[in-house]
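Take a look at the structure below.
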Amino acid sequence: MPEIPKTYEPQAVEAKWYQFWLDRQCFTADPARVSEKRPAYSIVIPPPNITGVLHMGHVLNNTVQDILARKARMDGKEVLWLPGTDHASIATHMVLERELKKKEGVTRYDLGREKFIERAWEWKAQYGSIIIAQLKKLGCSCDWSRERFTMDPEYSHCVEKVFVELYKKGLIYRGKRMVNWCPATLTALSDEEVEMEPQKGFLWYFKVEVAEQPGTFLTIATTRPETIPGDTAVAVNPKDPRYVRLIGKHAIRPLPAELPREKKLVPIIADEQIDPEFGTGVLKVTPAHDKADFEIGRRHNLPAVDIMNPNATMNDLAGADLGGLDRFEARKVAVEKLKALGALVKEEPYENKIGFSQRAKVPIEPRLSEQWFLEYPSVDKAQACVEQEGSAPGAGALPEKMRFHPQRWAKVYDHWMNNIQDWCISRQLWWGHRIPVWTKESSRQELVTLLPRATLESWKWTDETRTTRYADGSLEIETLVDQAIVREKTDHKSGETRLLSVLRLKPKDGDRVFIEVATYDEAEAAQLETKGFARDPDVLDTWCSSWLWPFATMGWTGDQSQDSKNATLQTFYPTTDLVTAPDIIFFWVARMIMAGYEFMGEMPFRNVYFTGLIRDKQGRKMSKTLGNSPDPLELIANYGADALRFGTMRSAPPGQDILFDEKDVELGRNFCNKLWNACRFRQMQSGAGVPPAAPETTRETEGRRDACPTLEGEINPALLTSDDKWILLKLDQAIREMDAAFAEYKFSEATSTLYRFFWSEYCDWYVEASKAVLSVGATERQSVGISDAPTLPRSDASTRAARRANKLAVIDFVLGHTLRLFHPFLPVITEELWHGLGYNGDLPANQGGDSIMFAHWPKPLDDDFKAHYGLNESDKGFVDAKYELVTRGRNLRRELNVAANKKVKFILKVKEPLPASEADVIKLLLNAETLDLDPNFAPKKGTPSALSDLGELFLPLEGLVDVEAEKARLKKELAKIDAEIEKVQSKLNNPDFAQKVPPNVLQEHKKRLADWQAKQQQVKSALDSIGG
RNA sequence: GCGCGCUUAGCUCAGCGGUAGAGCACUUCCUUCACACGGAAGGGGUCGCAGGUUCAAACCCUGCAGCGCGCACCA
């Protein structure tokens, strides 16, 4: 590290080391290396969308994963962090359509399905890996050789296989149901893709005449008058006395106005679900355009009249006035029409929540349509496997459970699992996994020619649970319940049976029959197409592939014989940790858990860490339209990736939303710079003849040094100063705190520990104090002392050199540990410094010799180590007192307006003899010209002073003291002391206190009181001496 | 409506039973031979409100208020 610059410049360094890691395959996971001593650790990345560009959410999420992965490597684990991207069916679809329209002015229908998909692949090739490159800039240590995409051929195969399996079990079915329809993207959506948003609107009251009682009117309140033409009933609560007599009669619907009266008659029905308190207690029932109404319609056998087109314009059934209009335009017109008819009673402003398409941001339209649904598998197992808050971990003989961090999300998960609804999985889109189902309607006679021979023989229309088996070469045919034929292939050698396809028949009118074949067998699919079968046009919901991510990425096939030979799958599944945001707990996490149990028979991960959401300074969500989303790459360019990571982690407490402020990144940069300069300082000392110190020998081979790697040969216990012991104890504490923070996934706490330890304890105190030993000539400068027990002859040059060398050894020890503690958070700068300081020097290549990445994570200092180096709490207490004294002395300077750079004389009236080396340190830290140690010092009246455990410190300023100011200063201090004494004394005076409190607490309070009283005494006498 | 979270220094947040903390911002001093992306000292808080438990409460319990977020078929 020659000519190390004054400020850390991350840009070049980051590129250099990232390439270094890639070249040496540091990120690659090898199942063959896993052993009892080297356990496996795995994370699968939440695959970013191929449409995505890196935002702060990714930064947070992936930094956490990288920290976990790097920590695991330093713990000696074989780490797989498996990366990849998601095809993001609907998001990509929208991006493409927008681009097509903008650039070429065409729609996807102009282009046609095949061309469109071709374009999609081109687009993916061009932009799909941008985000991967960006993750590399962040320093992510993913095993890139295993990068996966949810539409890779093997992955798609998994998706289809899973579909056929679930279809076989009857869990996937087709049905005509009310679904969430997005009129913008023209597809159905799942419930999870609908976001409820408050909408300002009106509640319109209109009246309908009762047909059987002319002159009697019912008033109905509605937010959607445009759907009146689709009303097929009017409903009231059966217990509502106002309307009971009207039940069974008919109302005359006002729209479409042009229809004859008899075509507008709708029954007045009674339904428990009607809330008499709301509106007028009368509900218009529109089964085709409202979920609740659809259910009512079902119960009462009402027709559902669809009056809208797929794009949410009104169709002909809406009548002459509304037909062709957009739904919102139609609403206005409908109100006008009601007004004109004299049917509108009143309108009042009203706010209700309506569903929006999550992606297209337009209100969804409840719509009756035929879709594919999935009844979730393995629900019970998935629900039971997550540890709930309050339950004892691993209690009794229960199997190990999955943990959420923070645990409160377990409740949210549980609630959803308890109310789980079938999943609408078909999308009327083109980009995605096409549903592997082929259909054909035919006559029963024709069936003979369409079906495999063996199948035909076994087929019985009335078949129920009877199972028939026909051997036909390697084929086995089985008819199952539920009118399905399952085609399976049995391997003669292994006897293993593999599912190929599933066929279902649905009798239609008369002689007709509807054939549905689900297969992932390409040959069979081709055959079906030649026989006139048509493939289902829809694709699957994106999450139908994402939910397989933890094992499909590891090469899962679903074939026992293959999967059992798959080392990656066997070694790294279940994964250890999942890091994700809580907003996809239902979309992704819950579904992965169910898929894990269903297809792997085991949970997909052991821990789920939920990050918070990143918001801007004002607490708003980050969004492109608000322009409040900072570009992480710009931040990396300006501050460095390490700075971005550190700043983000420091401001991200677990489970809490984060208000992002660029100041945090600035803090990260400043911190890196501090680290840089502290190491630079060490570097500048190296001329003193100290050999480059290896902070660690091997730990596998040498038992005790384990805990403290290093330098038994280099640190001489006899030469350790009190400051050395102090910093070693502080280091020990920092390591323990780090371990505790990691155990609980508390990363912001870990950064606080690092920050405090390194900046406050190491730099501000230890390094400053060490300059008393390191500075050239420090020991030669005259410093008057009365110490009668100097530890060493001070004039001895060789002794001086030895002390200096020892100091540097301690510094190397501490820095070597510190860099390792920092590495998961600051991977680049620590690698640079690790090499720059030569700490890799003597280490085995795979234990830090090549890269700090594989250096061992520091262990807390153990008792043997502490005994050997004579570390104990009393040293710590002494140094604390010393630094306290320094702080008081500096405070004196400041209060007396002594300029910071002015050297002044201090006198310490010592209680106990103080070694000269300690006096040197104090003198240096006080920036004193001299520090006299005089147990008999008799100050002049009014000499400013401060009390400490080591004695009273005086700052004589002949003639310069402003007596009045000094009085004021002392009075202020006295007031503070009095208040403290009052507080402690009132506690001690409480008779209950002494009786009930634990002895150590009582002891502590008594000492506290004594300390304050001593200070009070000192300040009082100082005041007296100047006549205060 | 149900559930969850939050309310601590000007700002953003730690702390969750025994002397109120950090970063930023602020005041003053200092370009002292690692760092001005720095050093030193300092000001600033009745820990949302009201009760309760306890020798002791920011911390535990019960209400209340305000803010935020999920879930829910109130048209």
Side-chain angles (χ1 to χ4, degrees), chain A residues 4 6-8 196 203 220-224 235 273-275 277-286 290-296 350 352-353 366 406 408-409 411-412 415-416 419 582-583 585-586 613 615 617 619 639 643 647 650-653 655-661 663-664 666-685 746 748-749 752 755-756 760 763-764 767-768 771 775-776 886-887 890-895 897-903 925 927 980 983-984 987 990-998 1000-1002 1004-1005 1008 1011-1012:
Chain A
I4 177 167
K6 259 170 98 165
T7 48
Y8 172 54
M196 301 305 274
L203 198 53
I220 303 173
T222 183
T223 54
R224 302 203 61 186
Q273 200 190 308
I274 313 305
D275 177 5
E277 303 296 314
F278 187 87
T280 59
V282 187
L283 175 74
K284 70 193 253 322
V285 184
T286 326
D290 185 281
K291 266 190 183 174
D293 289 8
F294 180 74
E295 291 306 318
I296 297 174
Y350 187 69
N352 63 341
K353 283 191 161 184
R408 63 187 158 82
W409 291 110
K411 197 168 178 178
V412 176
H415 182 256
W416 188 77
N419 296 282
D583 53 350
I585 188 167
F586 310 136
L613 253 44
R615 301 170 177 281
K617 244 191 285 189
Y639 299 98
R650 200 182 139 79
S651 59
Q656 214 70 1
D657 286 357
I658 298 111
L659 304 196
F660 177 80
D661 187 343
K663 283 272 176 200
D664 295 326
E666 200 176 309
L667 171 116
R669 178 202 57 185
N670 294 351
F671 189 75
C672 288
N673 194 242
K674 188 74 178 177
L675 183 60
W676 182 257
N677 274 290
C679 291
R680 182 165 166 256
F681 173 75
R682 166 63 189 89
Q683 181 75 3
M684 291 166 86
Q685 307 300 322
K746 290 185 173 172
S748 67
E749 217 155 87
S752 299
Y755 195 99
R756 185 209 65 230
S760 310
C763 290
D764 290 346
V767 172
E768 290 310 316
K771 288 175 182 173
S775 298
V776 178
V886 169
T887 300
R890 287 166 171 173
N891 175 258
L892 268 186
R893 295 179 62 119
R894 187 72 207 99
E895 297 273 358
N897 281 320
V898 178
N901 60 346
K902 191 173 180 211
K903 300 253 180 203
L925 293 176
N927 194 24
E980 290 298 334
K983 250 161 72 178
V984 187
K987 274 176 120 176
N990 186 335
D992 285 334
F993 185 78
Q995 286 172 13
K996 300 187 180 174
V997 91
N1000 60 322
V1001 176
L1002 182 63
E1004 188 274 325
H1005 275 75
R1008 199 193 306 166
D1011 287 351
W1012 284 118

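Here B/rG5 presents its C1' atom at 13 Å from CG of A/L613, a figure rounded to the nearest Å. If you measure from atom NZ of A/K987 to atom C1' of B/rG17, you get 10 Å, rounded to the nearest angstrom. Computed from coordinates, the A/N990 CG to B/rA56 C1' distance equals 9 Å when rounded to whole Å. For the pair A/E666 CD and B/rA22 P, the interatomic distance rounds to 20 Å; values are reported in whole Å. If you measure from atom CG of A/D764 to atom P of B/rA22, you get 13 Å, rounded to the nearest angstrom. Across the protein-nucleic acid pair, A/Q995 atom CD and B/rA56 atom C1' stand 14 Å apart, rounded to whole Å. The CZ atom of A/R680 sits 11 Å away from the C1' atom of B/rC33 (whole-angstrom rounding). Put simply, NZ on A/K996 is 16 Å from C1' on B/rG18, counting in whole angstrom units.
A/D583 comes within 4.0 angstrom of no nucleic acid atom, judged by non-hydrogen atoms across all strands. When heavy atoms are screened at a 4.0 angstrom cut-off, A/D293 is found touching no nucleic acid atom at all. Here A/F660 lies out of heavy-atom contact (under 4.0 Å) with every strand. As judged by a 4.0 angstrom heavy-atom cut-off over every strand, A/N677 is placed among the base-contacting residues. Using a 4.0 Å heavy-atom cutoff across all strands shown, A/K674 reaches at least one base atom of the nucleic acid. In this structure, A/L667 reaches the sugar-phosphate backbone alone: every heavy-atom distance under 4.0 Å involves primed, P, OP1 or OP2 atoms, never a base. The residue A/R756 sits apart from the nucleic acid: no heavy atom pair falls under 4.0 Å. Among the atoms of the strands shown, none is found under 4.0 Å from any heavy atom of A/P991. If you check every strand for non-hydrogen atoms under 4.0 Å, A/K411 touches sugar and phosphate atoms only. A/I296 comes within 4.0 angstrom of nothing in the nucleic acid, heavy atoms only. Within 4.0 Å of A/R890, counting heavy atoms only, lie sugar-phosphate atoms of the nucleic acid but no base atom. Nucleic acid contact for A/K983: sugar-phosphate only, since backbone atoms but no base atoms lie under 4.0 Å from a heavy atom of the residue. Counting non-hydrogen atoms under 4.0 angstrom, A/S752 reaches nothing in the nucleic acid. A/Q273 comes within 4.0 angstrom of a nucleotide base, judged by non-hydrogen atoms across all strands.
With A/S651 as the partner, the side-chain contact (heavy atoms from CB on, under 4.5 Å) test is satisfied by one option alone out of A/L659, A/D664, A/L667: A/D664.
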Polar pairs (N or O, both sides) under 3.5 Å between protein and nucleotides 66-72 of chain B?
none

Pull out every protein N or O sitting under 3.5 Å from an N or O of nucleotides 29-32 of chain B, one pair per line with the distance.
unit_1 : atom_1 : unit_2 : atom_2 : d
B/rC29 : O2'    : A/A900 : N      : 3.2
B/rC30 : O3'    : A/N901 : ND2    : 3.3
B/rU31 : OP1    : A/N901 : ND2    : 3.1

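Separating the C1' atom of B/rG15 from that of B/rG45 is a span of 14 Å, rounded to the nearest Å. Here the separation of B/rG52 from B/rA57, taken at their C1' atoms, is 11 Å to the nearest Å. With both ends at atom P, the span from B/rA22 to B/rA9 equals 14 Å, rounded to whole Å. Separating the P atom of B/rC59 from that of B/rC67 is a span of 23 Å, rounded to the nearest Å. Rounded to a whole angstrom, the distance from the P atom of B/rG18 to that of B/rC60 is 11 Å.
Proximity note for A/C763 (side chain, C-beta onward) versus B/rA34, B/rC74, B/rA25: the nearest is B/rA34.
Ring orientation note: the planes of A/W416 and A/F586 are close to parallel, at an angle under 30° on the 30°/60° scale.
For A/L203, the side-chain contact (heavy atoms from CB on, under 4.5 Å) criterion is met by A/Y205, A/A221, A/T223, A/F278, A/E348, A/Y350, not counting sequence neighbours. For A/R224, the side-chain hydrogen bond (donor to acceptor under 3.5 Å, both in side chains) test picks out A/E226, A/E365, with sequence neighbours left out. Among residues two or more places apart in sequence or in another chain, the side-chain contact (heavy atoms from CB on, under 4.5 Å) test is passed with A/K903 by A/N927, A/E929.
Between A/S748 and A/A652, the shortest heavy-atom distance links the atoms CB-O, 3.6 Å.
Where pairing requires Watson-Crick or G-U contacts shorter than 3.5 Å, the helical stems of RNA chain B with at least three consecutive pairs are B:1-7 with B:65-71, B:10-13 with B:21-24, B:26-30 with B:38-42, B:48-52 with B:60-64.
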